[in-house]
Structure formats: structure tokens, C-alpha cells
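Indexing begins at 1, ligand by ligand and atom by atom, following the structure's order. Model, not experiment: these values are computed from the prediction.
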Amino acid sequence: MAKHIQILNGPNLNMLGTREPELYGHDTLEDVLAQCQAIGNELGFEVSLKQSNHEGQIIDWIQDARTKADGIIINPAGYSHTSIAFLDALNIFDGPVIEVHVSNIYSRESFRHHSYVSLRANGVIAGCGAQGYSLAMHRMGQLLADG
Ligand code: CA2
């Protein structure tokens, strides 16, 4: 059975590609899913993508991933900087976790420079636009192949 990569997105990322293109670019989450599925097809992985504006919903999806996914790519959005609960949920997921930020959080306000999720992430990609998700897919492919 093909390995499954779960892509999770936090609050306001449903607006990706529709507002603030100078910060977040023009690609929508639908575009991101299409790009990641194309890479998944090449690498032999199943890919699914979810977005929620609600912290508890994303925590439920992280918990579900324990039995349904081999790796998690997550853009925790604003919860990166506040949510110990995201960190706790990711800490009980056994597979690799890659954190993605579309914008360069290190060139923005200082409150964005710290991410609780980074304490758990196997890798972090920031400031590469929506392409960051594709880069994360390739890295995830490598981590899952390495076992
Ligand atoms: O750069 C990222 O991907 C962020 O995770 C995006 C979050 C922000 O709070 C993080 O510090 C960095 C904000 C998501 C808002 O997404 C929008 C996308 C398009 C238009 C408006 C908001």
C-alpha cells in the first residue's frame, strides 16, 4: 500500500492566493494540492490536504494521522507561535514532520521568529512561497524512503 502524506494548514490559509500576494504569492491551496499530488504520483505517495481555522480541529487531524498517515507536512500559520497543544499532538505522532511557512517568518515581526512546532519538526522551510510545500514533499519522500 502506498505511503500517505498528510498536509495540514492552519487559520487563514484558506485565503492563500486571494489576498496579500506580496507576502503569500498567487497560488491557492488547491494549486498547492495539485502540485503536491503531482510530486506524490512521481514518488509513489498518496497525498491529502486539509485546512481549518480551528485549533482543536487541527489537533484532531494530527491525532488521526497517527493511524492514517506516514508523514505530516504542516503550516500551523498563527498557531505556530502560540500553540503548545499543537506541539503536544505532534509529539505523539511517530513519523516525520516538516513545517512549512510560505513567508519568511524571520524577516517579519519578532513574535513570528519563534515556533513551538519547530521543536518537533524534522525540517522547517520558510520564505519559499507556496513552492515550500513542494520542497517539503521531496524532503518527506527522502525521509520516508530512509525509513
Ligand atoms: O508564512 C506563513 O506561511 C505563515 O504560517 C502564515 C500565517 C502567519 O501567521 C505565520 O506567521 C506565517 C498567516 C496565514 C495567513 O494566510 C493568509 C494568506 C493569504 C492572505 C491572507 C492571509
[atom]: nearest protein contact (heavy atom, Å):
atom	value
atom 2 (C) of ligand 1	Val102 N, 3.3 Å
atom 1 (O) of ligand 1	Ser103 OG, 2.5 Å
atom 21 (C) of ligand 1	Glu20 OE2, 3.6 Å
atom 9 (O) of ligand 1	Arg112 NH1, 2.9 Å
atom 15 (C) of ligand 1	Asn12 CB, 3.6 Å
atom 4 (C) of ligand 1	His101 ND1, 3.7 Å
atom 20 (C) of ligand 1	Arg19 O, 3.3 Å

Below 4.0 angstrom from a heavy atom of [X], which ligand 1 atoms are there? Numbered from 1 as shown, please.
X	result
His81	10 (C), 11 (O)
Gly78	9 (O)
Pro11	14 (C)
Leu16	18 (C), 19 (C)

- Query: Among Leu13, Leu29, Asn75, which residue places a heavy atom closest to atom 5 (O) of ligand 1?
  - Reply: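 Selected option, by shortest heavy-atom distance: Asn75.
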- Who's closest to atom 18 (C) of ligand 1 heavy-atom-wise, of Tyr79, Phe111, Tyr24?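 Looking at heavy atoms only, Tyr24 sits closest to atom 18 (C) of ligand 1.
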- Could you check whether the rings of His81 and Phe111 sit parallel, tilted or perpendicular, using 30° and 60° as the cut-offs?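 Because their plane-to-plane angle is over 60°, the rings of His81 and Phe111 count as perpendicular.
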Quick check: closest heavy atoms across [X] and [Y], and the distance to 0.1 Å?
X	Y	value
Leu23	Arg108	CD1-NH2, 3.5 Å
Phe93	Ala65	CE1-O, 3.3 Å
Leu29	Leu49	O-CD1, 4.0 Å

- Task: With heavy atoms only and a cut-off of under 4.0 Å, state how Leu23 meets ligand 1: side chain, backbone, both or neither.
- Result: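 No part of Leu23 is near ligand 1 at this cut-off.
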- Item | ligand 1 contact on Ser80 by region, counting heavy-atom pairs under 4.0 Å |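 Neither; no heavy atom under 4.0 Å.
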- Task: Say whether, by atom type as modelled, one donor and one acceptor occur between the side chain of Glu46 and the main chain of Ala2 under 3.5 angstrom.
- Result: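 Side chain of Glu46 to backbone of Ala2, a donor-acceptor pair under 3.5 Å: no, none is there.
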[Y] versus [X], side-chain donor and acceptor atoms under 3.5 Å:
X	Y	result
Glu55	Asn53	no
Asn12	Tyr24	no
Asp64	Gln6	no

- Query: Are Tyr116 and Val124 linked, directly or through other ILVMFWY residues, by side chains that come within less than 4.5 angstrom of each other?
  - Reply: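 They do not share one cluster, since no chain of ILVMFWY contacts under 4.5 Å joins Tyr116 to Val124.
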- Item | Inter-residue atom distance Leu119.CG - Ile84.CD1, 0.5 Å rounding |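 Reported to 0.5 Å precision, the distance equals 10.0 Å.
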- Look at ligand 1 and say whether Gly127 reaches it with a heavy atom at a distance under 4.0 Å.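 No, Gly127 has no heavy atoms under 4.0 Å from ligand 1.
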